[in-house]
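Single-structure report; data block below.
Basis for what follows: all heavy atoms, side chains included, without hydrogens, waters or symmetry-related copies. In this text the structure is predicted, and so the values were computed from the model without any measurement.
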Amino acid sequence: MSQLSTCPLRIEINEVAPRDGLQIEARFVPTQDKIRWIDALSTTGLKRIEATSFTSPKAIPNLRDAADVVTGIQRQDGVDITVLVPNVKGAERALACNVDEINLVMSASDSHGLANLRMTPEQSLEQFAAILNVTKGSGVFINASLSTTFGCPFEGEVPEARVLELVEKLIVLGIQGVTLCDTTGMANPAQVKRLCDAVLERWPEMPFTLHFHNTRGMGLANALAAWQAGITRFDAALGGLGGCPFAPGATGNVCTEDLVHMFEAMGVDTGVDLDALLTVAATLPKLIGHDVPGQVVKAGKSTRRYPMLKAHG
């Protein structure tokens with residue numbers, strides 16, 4: 001029996017472009033355009049969409065319309081709307097909009113935590129406890145994203161033991177899901193496989209999500225390594241949009257349509273209608289005002305066939 005025969009036959013993709021993708025864009029995408037875009041994504045088979053962030057408009061001006069976006073979405077059965085919140089106030093605003101999931105974020109390294117959040121990991125955990133107290137009894141799923149899991153742009157390697165220690169603290173705190181983030185694209189497939197093996201062996205029932213950036217061209221390879229370890233949940237951004245404004249050198253996320261195309265070509269069910277997704281992806285350049293890194297939308301699916309050229313002479 002080959003190793004691949006024991007890998008998951010179905011995966012789930014969390015679309016993060018409306019939040020992670022737009023936060024770094026140079027121009028503001030009008031609220032109604034965001035709503036139409038998210039509504040279109042909601043019809044493609046995606047099960048989870050990170051719609052925005054309830055953060056300070058001064059910190060992320062492109063997402064200053066968070067409440068209007070979330071309340072304006074045409075909610076679809078089976079599609080969870082996720083939002084990122086940085087603090088208790090953000091959590092309260094999110095709960096008022098009846099979101100399905102709240103995503104909290106902290107760093108695995110002190111340096112990135114201070115640069116991105118002005119908090120050490122330990123201070124972030126204290127804030128998470130306060131947020132969990134506010135959301136208790138709401139029925140909203142609480143996920144925590146652990147940035148710089150695979151390396152920090154300021155400190156370099158983040159020891160695996162440190163990552164496991166923080167995951168343990170998140171679970172003890174009451175976090176229901178954990179996302180392991182390759183914030184600046186420092187991960188490699190061997191490293192990803194080792195860490196995913198470690199967390200799944202230790203917490204087999206915990207829903208882990210993997211979040212990769214394609215900074216050094218290894219996004220799909222890293223996703224494949226995580227899948228081979230048994231991971232079934234992945235963040236991705238339509239068109240390969242995204243990047244952390246507080247992480248030097250960070251570029252876009254692994255591209256949703258490219259990720260779906262890879263897994264579907266391998267016979268892995270993503271639940272996503274790739275043709276419908278590509279139709280939405282084709283609208284991105286007009287929406288944001290520039291070309292995007294996604295490749296399948298330009299080259300077409302691998303099943304695409306062309307007429308033969310006539311021979312010369």
Side-chain angles (χ1 to χ4, degrees), residues 14 16 18-20 23 48-71 80-149 152 154-155 158 162-181 183 199 202-203 205-209 211 233 235 244-247:
N14 174 33
V16 302
R19 194 279 300 175
D20 199 339
Q23 70 178 6
R48 183 175 282 99
I49 299 173
E50 190 175 50
T52 189
S53 174
F54 283 89
T55 188
S56 164
K58 292 181 180 179
I60 309 290
N62 281 359
L63 304 180
R64 61 182 181 266
D65 54 357
D68 290 337
V69 168
V70 175
T71 56
D80 287 342
I81 297 300
T82 304
V83 297
L84 187 146
V85 305
N87 49 39
V88 168
K89 182 179 179 181
E92 290 172 341
R93 293 173 59 204
L95 290 175
C97 294
N98 296 315
V99 301
D100 300 298
E101 180 175 323
I102 284 176
N103 186 30
L104 312 179
V105 63
M106 64 176 289
S107 296
S109 71
D110 287 1
S111 298
H112 184 263
L114 291 169
N116 189 21
L117 305 164
R118 299 180 183 175
M119 285 185 283
T120 65
E122 281 67 31
Q123 290 171 322
S124 289
L125 289 168
E126 291 177 10
Q127 181 158 267
F128 285 8
I131 293 171
L132 284 165
N133 188 52
V134 168
T135 60
K136 188 176 182 180
S138 66
V140 174
F141 188 89
I142 307 297
N143 186 81
S145 289
L146 190 58
S147 299
T148 63
T149 293
C152 171
F154 309 110
E155 299 177 21
V158 176
R162 175 59 167 162
V163 174
L164 297 177
E165 174 193 2
L166 291 172
V167 171
E168 173 75 26
K169 289 181 177 180
L170 288 169
I171 293 173
V172 169
L173 201 60
I175 295 296
Q176 297 165 282
V178 175
T179 301
L180 304 175
C181 303
T183 310
V199 297
R202 192 162 175 177
W203 301 286
E205 302 304 317
M206 190 68 178
F208 286 99
T209 301
H211 178 106
R233 294 161 59 107
D235 282 354
C244 176
F246 306 103

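In this structure, Ile142 and Gln176 have side chains that are in contact, with non-hydrogen atoms separated by less than 4.5 Å. In this structure the side chain of Ile102 reaches within 4.5 angstrom of the side chain of Leu95, judged on heavy atoms. Looking at heavy atoms from C-beta onward, Trp203 lies out of side-chain contact with Val178 at the 4.5 angstrom threshold. The shortest distance between side-chain heavy atoms of Asp80 and Phe141 does not fall below 4.5 Å. At least one side-chain heavy atom of Asp235 sits less than 4.5 Å from a side-chain heavy atom of Thr209. Side-chain contact between Arg202 and Glu168: present, with at least one pair of heavy atoms (C-beta onward) separated by less than 4.5 Å. Inter-residue side-chain proximity for Thr148 and Glu155 is flagged as unmet; no heavy-atom pair is nearer than 4.5 Å. The shortest distance between side-chain heavy atoms of Leu125 and Leu170 falls below 4.5 Å.
Note that CD of Glu126 is 12.0 Å distant from CD1 of Ile131, once rounded to the nearest 0.5 Å. The CG atom of Leu104 sits 7.5 Å away from atom CG of Leu84, with the distance rounded to the nearest 0.5 Å.
Counting only distance, with no hydrogens or angles, the side chain of Thr120 and the backbone of Gln123 share a donor-acceptor pair below 3.5 Å. Not one N or O on the side chain of Glu101 forms a donor-acceptor pair closer than 3.5 Å with the backbone of Glu50.
The heavy-atom pair separating Leu146 from Leu166 by the smallest distance is CD1-CD1, 4.1 Å. Annotation for Arg93 and Thr55: closest pair NH1-O, 3.6 Å, computed over non-hydrogen atoms. Looking at every heavy atom in both residues, Gly90 comes nearest to Val85 through O-CG1, 3.5 Å. Closest heavy-atom contact between Val158 and Ser109: CG2-CB, 4.2 Å. The shortest non-hydrogen separation linking Ala91 to Thr135 is CB-CG2, 4.4 Å. Scanning all heavy atoms of the two residues, the minimum distance from Leu63 to Pro18 falls at CD2-O, 3.8 Å.
Checking Asp20, Thr183, Thr179 one by one against His211, the side-chain hydrogen bond (donor to acceptor under 3.5 Å, both in side chains) holds for a single residue, Asp20.
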Candidate pair Asn14 and Arg233, rule side chain to side chain contact (heavy atoms under 4.5 Å, CB included), full reasoning = CA-CA 7 Å; Asn14 174 33; Arg233 294 161 59 107; over 6 Å; no
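Look at Arg162 and Glu122 and you find a salt bridge, because one of the NZ, NE, NH1 or NH2 atoms lies within 4.0 Å of a carboxylate O, short of that distance.
Applying the side chain to side chain contact (heavy atoms under 4.5 Å, CB included) criterion to Arg64, with sequence neighbours excluded, gives Phe28, Pro57, Pro61.
When only modelled atom types and interatomic distance are considered, Asn103 and Thr82 share no side-chain donor-acceptor pair under 3.5 Å.
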